[in-house]
Amino acid sequence: MQDDYRADVAVIGAGIMGTAIVTRLIETGHKVSVFDLDAEKIAALTAKGAHAASSVASAVSASEFCILSLNHASIVRAVIFGENGVAAAASADKLLIDMSSIDPAETADMATRLRAETGMAWVDCPLSGGVPGALGGKLTIMAGGSAEDFERARVVMRHLAANYTLMGASGAGQTTKLINQLFCAVLFQAVAEAVKLAEAGGVDPSAIPAALAGGRADSRILQEFMAKFAARDFSPTGRIDNMLKDLDSLQAFALKTKTPLPMTGAVVEIHRLLCAAGLGPRDSAEMMRLLDGLQAD
């Protein structure tokens, strides 16, 4: 397709990431129909130029591409195969782009079923980069699907992602996202512990990122989050319970494939402790509370 081509896109799910995706697509000239059960979220997006669809099927019917931004595989399955869902309006000339983070095996199963029943292809496109990445078109997206469908999705992905990579067949994108979450979860915990160690040694932890820049310990997580953790800045960038959901999927996959993940296992239990302490809906910087002794607000 031509570089100036703009598509009709349905976006199902107007949570934090869905809202950012819709906003970016509107800003880059795409025509967007959006569906969510939360009327306030829809109203905020229609004010930006989105069309409010009356149902999932209605949104898909009017669109060439359908993007899903949902929290769980069970929700994805219901949205696709439930009453007035994606499958009700699906056809071979439409493409489903699932930007949710869900189980790789369930992804492959649903993709096979959707194509068999409707002819509609599926590319799993879980993301990294959060809201800032989406709004700036700088997401990292790891994709699973056929090479042909991967290229079809590029019409939309070129305005959302700076790094868009085909990792293999359906489900491969989701597997790669689990690996991404493994790195993030372990490194978040490392940053939190490094902050405490610096404080105990009389070193300003906010000076650590600059001191280690370019060395082997350097990373984007170090650069972006150590000062935030040190300042106990709990402003939202990502929810602990969403990370735990991904880590649970990761552990289930590791169990199925008999893959040993000892360090990840410890970090999973730390996230579980944080959720048990009522911090699940909050930002990853709240990990500092555990090391600080779970001090009350």
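In this structure, F229 and F188 have parallel ring planes: the angle between them is below the 30° cut-off, well short of the 60° mark.
In this structure the side chain of F65 never reaches within 4.5 angstrom of the side chain of H30, judged on heavy atoms. The side-chain heavy atoms of L139 and M99, taken from C-beta on, include a pair separated by under 4.5 Å. Within the 4.5 Å cutoff, no side-chain heavy atoms of R239 are placed close to those of M243. Within the 4.5 Å cutoff, the side chain of P126 has heavy atoms near those of the M142 side chain. Between L135 and T23, the closest side-chain pair of non-hydrogen atoms falls below 4.5 Å.
With hydrophobic clusters built from ILVMFWY side chains whose heavy atoms lie under 4.5 angstrom apart, I21 shares a cluster with V156. The cluster map of Ile, Leu, Val, Met, Phe, Trp and Tyr, joined by side-chain heavy atoms under 4.5 Å apart, puts M17 and I75 in different clusters. A single hydrophobic cluster is seen to contain both V195 and V203, as judged by linkage of ILVMFWY side chains at heavy-atom distances under 4.5 Å, directly or through other members. V32 and L96 fall into different hydrophobic clusters, where Ile, Leu, Val, Met, Phe, Trp and Tyr residues are linked whenever their side-chain heavy atoms come under 4.5 Å apart, directly or through other members.
To the nearest 0.5 Å, atom CZ of residue F150 and atom CE of residue M167 are 10.0 Å apart. Summarising the geometry, atom CD1 belonging to I97 is positioned 5.0 Å from atom CG belonging to L95; distances are rounded to the nearest 0.5 Å.
Cation-pi geometry between R154 and Y164 is not met at under 6.0 angstrom from the ring centre and within 45 degrees of the axis.
A donor-acceptor pair is defined here as one N or O able to donate and one able to accept, closer than 3.5 Å; such a pair exists between the side chain of R232 and the backbone of A230. Side chain of S63 to main chain of C66: no donor-acceptor pair is present (N/O by atom type, distance under 3.5 Å, no hydrogens or angles). No donor-acceptor distance shorter than 3.5 angstrom exists from the side chain of Q174 to the backbone of D103, with no hydrogens or angles considered. Judged by distance alone, with hydrogens and angles left aside, the side-chain atoms of D124 form a donor-acceptor pair with the main-chain N or O of G171 at under 3.5 Å. Listed for the T259 side chain is no donor-acceptor partner under 3.5 Å among the backbone atoms of L255. Side-chain atoms of K31 never come within 3.5 Å of backbone atoms of A7 as a donor-acceptor pair (strictly under, hydrogens ignored). Using modelled atom types, one side-chain atom of T118 and one backbone atom of M120 make a donor-acceptor pair closer than 3.5 Å. In this structure, the side chain of K228 engages the main chain of D233 through a donor-acceptor pair within 3.5 Å.
No side-chain donor from either of S128 and K177 sits under 3.5 Å from a side-chain acceptor of the other. Using a 3.5 Å distance cut-off with no hydrogens or angles, the side chains of T107 and D109 do not pair a donor with an acceptor. Counted by atom type alone, Q223 and D218 present one or more donor-acceptor pairs between their side chains at under 3.5 Å. Between the side chains of T237 and D283, at least one donor N or O lies within less than 3.5 Å of an accepting N or O.
Applying side-chain contact (heavy atoms from CB on, under 4.5 Å) to R272 and the options L274, V268, I270 leaves one that passes, V268.
Here the closest heavy-atom approach between residue I141 and residue C125 is recorded as CG2-CB, 3.6 Å. Closest approach of K48 to T19, counting heavy atoms only: NZ-CG2, 4.5 Å. Closest approach of L178 and S249 over heavy atoms only: CD2-CB, 4.0 Å. In plain terms, the two heavy atoms of R24 and L160 that are nearest each other are CG-CD2, 3.5 Å. The shortest heavy-atom contact between V56 and F35 is CG2-CD2, 3.6 Å. The two residues L70 and G13 have their closest heavy-atom pair at CD2-CA, 4.0 Å.
Salt-bridge annotation for D292 and R289: absent, with no side-chain N of the basic residue lying under 4.0 Å from a carboxylate O of the acidic one. Of the charged side-chain nitrogens involved, at least one lies within less than 4.0 Å of a carboxylate oxygen, so that E106 and R77 count as a salt-bridged pair.
No more than 12 heavy atoms of other residues, nucleotides or ligands shown are found within 6.0 angstrom of CZ on R220. For K138, the NZ atom counts as loosely surrounded, since its 6.0 Å shell holds 12 or fewer non-hydrogen atoms of other residues, nucleotides or ligands.
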